[in-house]
Number of protein chains: 2
Amino acid sequence: MVPAVTSDRSDPTKGADVPRAVGVRDVAKRAQVSLGTVSNVINTPDSVRPRTRARVEKAMRELGFVGSRAAGQLRSRKSGLVGVVLPDVGNPYWADVLRGVESVLEEHDLTLVVGSTHQDPARQERLLRALAQQGVDGLLVAPIDELRNWEQFADRRLGVVALENGDAPDAGSSISLDNVDGARQAITHLLELGHRSIAFINGPRNVPWCVERREGVLSGIQTAGLEASDVLIEVEVSDLTAAMGITATDELWGRCEPTAIVCANDLVALGALLSLQRRGLRVPEDVSLVGYDDVEFVEALRPPLTTVRQPSFEVGVIAGHMLLSGATRDSGERELLTPALIVRQSTGPARLR
Amino acid sequence: MVPAVTSDRSDPTKGADVPRAVGVRDVAKRAQVSLGTVSNVINTPDSVRPRTRARVEKAMRELGFVGSRAAGQLRSRKSGLVGVVLPDVGNPYWADVLRGVESVLEEHDLTLVVGSTHQDPARQERLLRALAQQGVDGLLVAPIDELRNWEQFADRRLGVVALENGDAPDAGSSISLDNVDGARQAITHLLELGHRSIAFINGPRNVPWCVERREGVLSGIQTAGLEASDVLIEVEVSDLTAAMGITATDELWGRCEPTAIVCANDLVALGALLSLQRRGLRVPEDVSLVGYDDVEFVEALRPPLTTVRQPSFEVGVIAGHMLLSGATRDSGERELLTPALIVRQSTGPARLR
DNA sequence: GAAGGACCGTGAACCGGTTCAGGATTCGCT
DNA sequence: AGCGAATCCTGAACCGGTTCACGGTCCTTC
């Protein structure tokens, strides 16, 4: 007693229904070929005779065929997706890195899935989980916390590239900047200018490069033959944004009045600058200020900001290439770039007290 | 934490093979339930008796189960993906919008797929195509060109939300800022200060809000009883970045020397400012400068930039909510926010010639 | 204690592009 | 023409989570 359903289309139970997007089978029928051939036209066009290929392509055009990567991914295990996990896309530095990555990967038909962690380990975990479920082909991550079970990404088509992973245990390839050195350059500059009371506004301790920058600061003080506890006032902010920079500096001035401030970040430095200006303090006459990143706008600040330059876009490009070179997975190369202190006008001799 | 071994797999044909990730069937077997139940635990936990659910969850944990959204999407037609197409994630304004969107959608387990068009229609097309193939549940786009066949996204679970779509034909819901009004405020401000030779550095003509801002500028001039051709010098840049701002301003000064510059964008204004400073020109004494967006850093520039404020983060939040409210798809609501001119110190009376 | 119903759990069928072993054609060359 | 090789095509099986019609349990209620 089979009710002779599934004649072809038109389910009588429901009138206005989903139009059922065209699939390879529809294209195949129209082009008078098998569905396998359609797949070949999509993936290995050279393996199909030009005449046949043209027929299939015509059919695809006429039917407005749009494949479903999800279906393909199921069997082929290629999603065409690359996960990018950054601390904060709102930060010009990371935005620039992202642009670099984008510029490399877009030519390879890879789509970026982007997420910001905002220095929050829980968010990092959630993001990685989501990316794993989406079946990304590769992962590009700037870990703000120990990178747990990254191995699940390691045997994807493209491996894992870590940005600024410090000395953490291997996680695929990695590209970092010498944060210790950069921070040391910054603090040394200030010490040479005679500053002996310096505030250091840094990010959370779980973030690798924050730890390293702190290390560099301490090391610079030590090299100068000074005691960190005498010279340094440490402040920690949960997120490296301008808003946090303002808050931190406001609070700081309630406690003490250093002659210089080093920030983990240009954005924080921007916040500090705004806070100082509102307080009527002059930079660098009253307080010297140093940032980190050399973001585009700092040159035009009042005053132009002394900062540590990092080649953001380039980092993104290199990371992108590392990801693409299948070599990534096995060799686990590591690149280490060196930052450079750019002295502008936000730093000057320590005011005599 | 059992390392997810495969008990009874072992394909004799090939030794070292892919470990075959654990699937619902593996979990089902281990938890002594059917695979359908596992699916229920994942999607509708409340429909499963707590005892059973606990068993399944334990099994999932022990096996390190990570679902495959792709497989699920195939049948359920939900990808958990939302496409976000912006002009440029490297631009702080859009980065901020993105943060707003992110903040809303991350609580709904939606993953963002982000792409930048860089004012290039071809790139926009490519991105939309990729998003269609990925089967995104919704689309959030700031079109920089006529939005062709957006309808294919319209009947996805979440619809389409257009940012700044101008007066273009309907495309789902949209949220825009009154660009005409904002630009008019800016130009009127300059005209009142006595400027009669004003350069306008704008983006490409295919970009809706660039067209609108131009409209506003022209309208403002007309309202003041002046002739645009006498007052305005129009310059067009292909991408609204600081680098393009520098180039454009450098070139501009080879041709003429206006007493004021209006930029379509704070980033371009930043570039213009840098160019002017390198040329030894003072702002606003020699040249007045107006930006657009009120990006975070412009307040700390030398001099603080007069600009048109747009609530970036809020726009993102609103857009996110619009996308979530299923209503989007049918009603096609439109929101129109009004920007405000923030007068700072980069604008002053026209220098007498 | 039997009927009625709410609640759970089951598993075959399914989504749609890819794979690959094998069949069909075409080509080159004697 | 004849034959082997190279090239092209074919389509059933498959990937793995979701759906849903169906059957089993257990508790009420008369």
Side-chain angles (χ1 to χ4, degrees), chain A residues 1-3 5-6 11 13-14 17-29 31-56 59-60 63 65-80 132-135 157, chain B residues 4 6 9 11 13-14 17-29 31-56 59-60 63 65-80 132-135 157:
Chain A
M1 210 58 88
V2 183
V5 215
T6 65
D11 184 338
T13 58
K14 208 63 192 304
D17 212 5
V18 193
R20 282 280 283 92
V22 302
V24 279
R25 289 169 176 80
D26 303 296
V27 175
K29 197 181 300 176
Q32 312 261 32
V33 295
S34 83
L35 84 182
T37 302
V38 177
S39 180
N40 286 333
V41 170
I42 297 171
N43 299 297
T44 52
D46 293 332
S47 75
V48 180
R49 207 193 323 165
R51 273 173 46 91
T52 316
R53 192 196 319 160
R55 252 202 351 270
V56 174
M60 293 202 295
L63 262 47
F65 173 80
V66 177
S68 156
R69 212 106 187 188
Q73 167 181 1
L74 210 49
R75 185 124 241 272
S76 72
R77 315 191 148 279
K78 293 178 194 167
S79 63
Q133 291 187 168
Q134 295 292 355
R157 188 161 58 104
Chain B
T6 43
R9 274 298 137 73
D11 184 338
T13 58
K14 210 59 191 307
D17 213 5
V18 192
R20 281 280 281 91
V22 302
V24 278
R25 289 169 176 80
D26 303 295
V27 175
K29 197 180 301 177
Q32 312 263 31
V33 297
S34 83
L35 83 184
T37 302
V38 177
S39 180
N40 285 334
V41 170
I42 297 171
N43 299 297
T44 53
D46 293 332
S47 76
V48 180
R49 207 193 322 166
R51 274 173 44 91
T52 316
R53 194 198 315 163
R55 255 205 345 273
V56 174
M60 292 202 295
L63 263 45
F65 173 79
V66 177
S68 156
R69 211 107 189 188
Q73 167 181 2
L74 209 48
R75 184 125 241 269
S76 72
R77 315 194 149 278
K78 292 178 194 166
S79 63
Q133 293 188 349
Q134 297 291 357
R157 187 161 59 103

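Proteins come first, then strands; the chains are lettered A, B, ... in the order of their sequence lines, and each starts at number 1. On a predicted model such as this, the values are computed, not experimentally measured, just so you know.
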Need one value for [X]: base, sugar-phosphate or nothing, where a base atom within 4.0 Å counts as base even if backbone is also close, heavy atoms only.
| X | answer |
| --- | --- |
| A:Gly36 | base |
| A:Val24 | base |
| B:Ser76 | sugar-phosphate |
| B:Ser39 | base |
| A:Arg69 | nothing |
| A:Val48 | sugar-phosphate |
| B:Ser68 | sugar-phosphate |

- Message: Could you tell me the boundaries of the chain A footprint on DNA chain D, defined by atoms under 4.0 Å from its heavy atoms?
- Response: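 Nucleotide range with atoms under 4.0 Å of chain A: D:dC8 to D:dG16.
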
- Item | Terminal axis angle for the helix from C:dG1-D:dC30 to C:dT30-D:dA1, five pairs an end, nearest 10 degrees | 30°

Restricting to non-hydrogen atoms, name the atom on [X] and the atom on [Y] that form the minimum distance, rounded to 0.1 Å.
| X | Y | answer |
| --- | --- | --- |
| A:Ser79 | A:Gly135 | OG-O, 2.6 Å |
| A:Ala70 | B:Gln73 | CB-OE1, 3.3 Å |
| B:Val27 | B:Phe65 | CG2-CD1, 3.6 Å |

- Message: Go nucleotide by nucleotide along DNA chain C from the 5' end; which of B:Ser34 and A:Leu35 gets its closest nucleotide reached first?
- Response: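 The 5'-side residue here is B:Ser34.
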
- Message: Taking the nucleotide of DNA chain C with the nearest heavy atom to each, does B:Pro50 or B:Arg75 sit closer to the 5' end?
- Response: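 The residue mapped nearer the 5' terminus is B:Pro50.
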
Please check this pair: side chain of [X] against backbone of [Y], looking for a donor-acceptor N/O pair closer than 3.5 Å.
| X | Y | result |
| --- | --- | --- |
| B:Arg55 | B:Ala31 | yes |
| A:Arg157 | A:Lys78 | no |
| A:Ser68 | A:Ala71 | yes |

Interatomic distance, [X] atom [atom1] to [Y] atom [atom2] [nearest 0.5 angstrom]:
| X | Y | atom1 | atom2 | answer |
| --- | --- | --- | --- | --- |
| A:Asn40 | A:Leu35 | CG | CG | 10.0 Å |
| A:Arg25 | A:Ser34 | CZ | OG | 10.5 Å |
| B:Arg53 | B:Ser47 | CZ | OG | 8.5 Å |

- Query: Given atom CG of B:Asn40 and atom C1' of C:dC8, what is their separation to the nearest angstrom?
  - Reply: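 After rounding, the reported distance stands at 9 Å.
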
- Whole-Å gap separating C1' (C:dC8) and CZ (B:Arg55):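 Spelled out: CZ on B:Arg55 to C1' on C:dC8 is 12 Å.
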
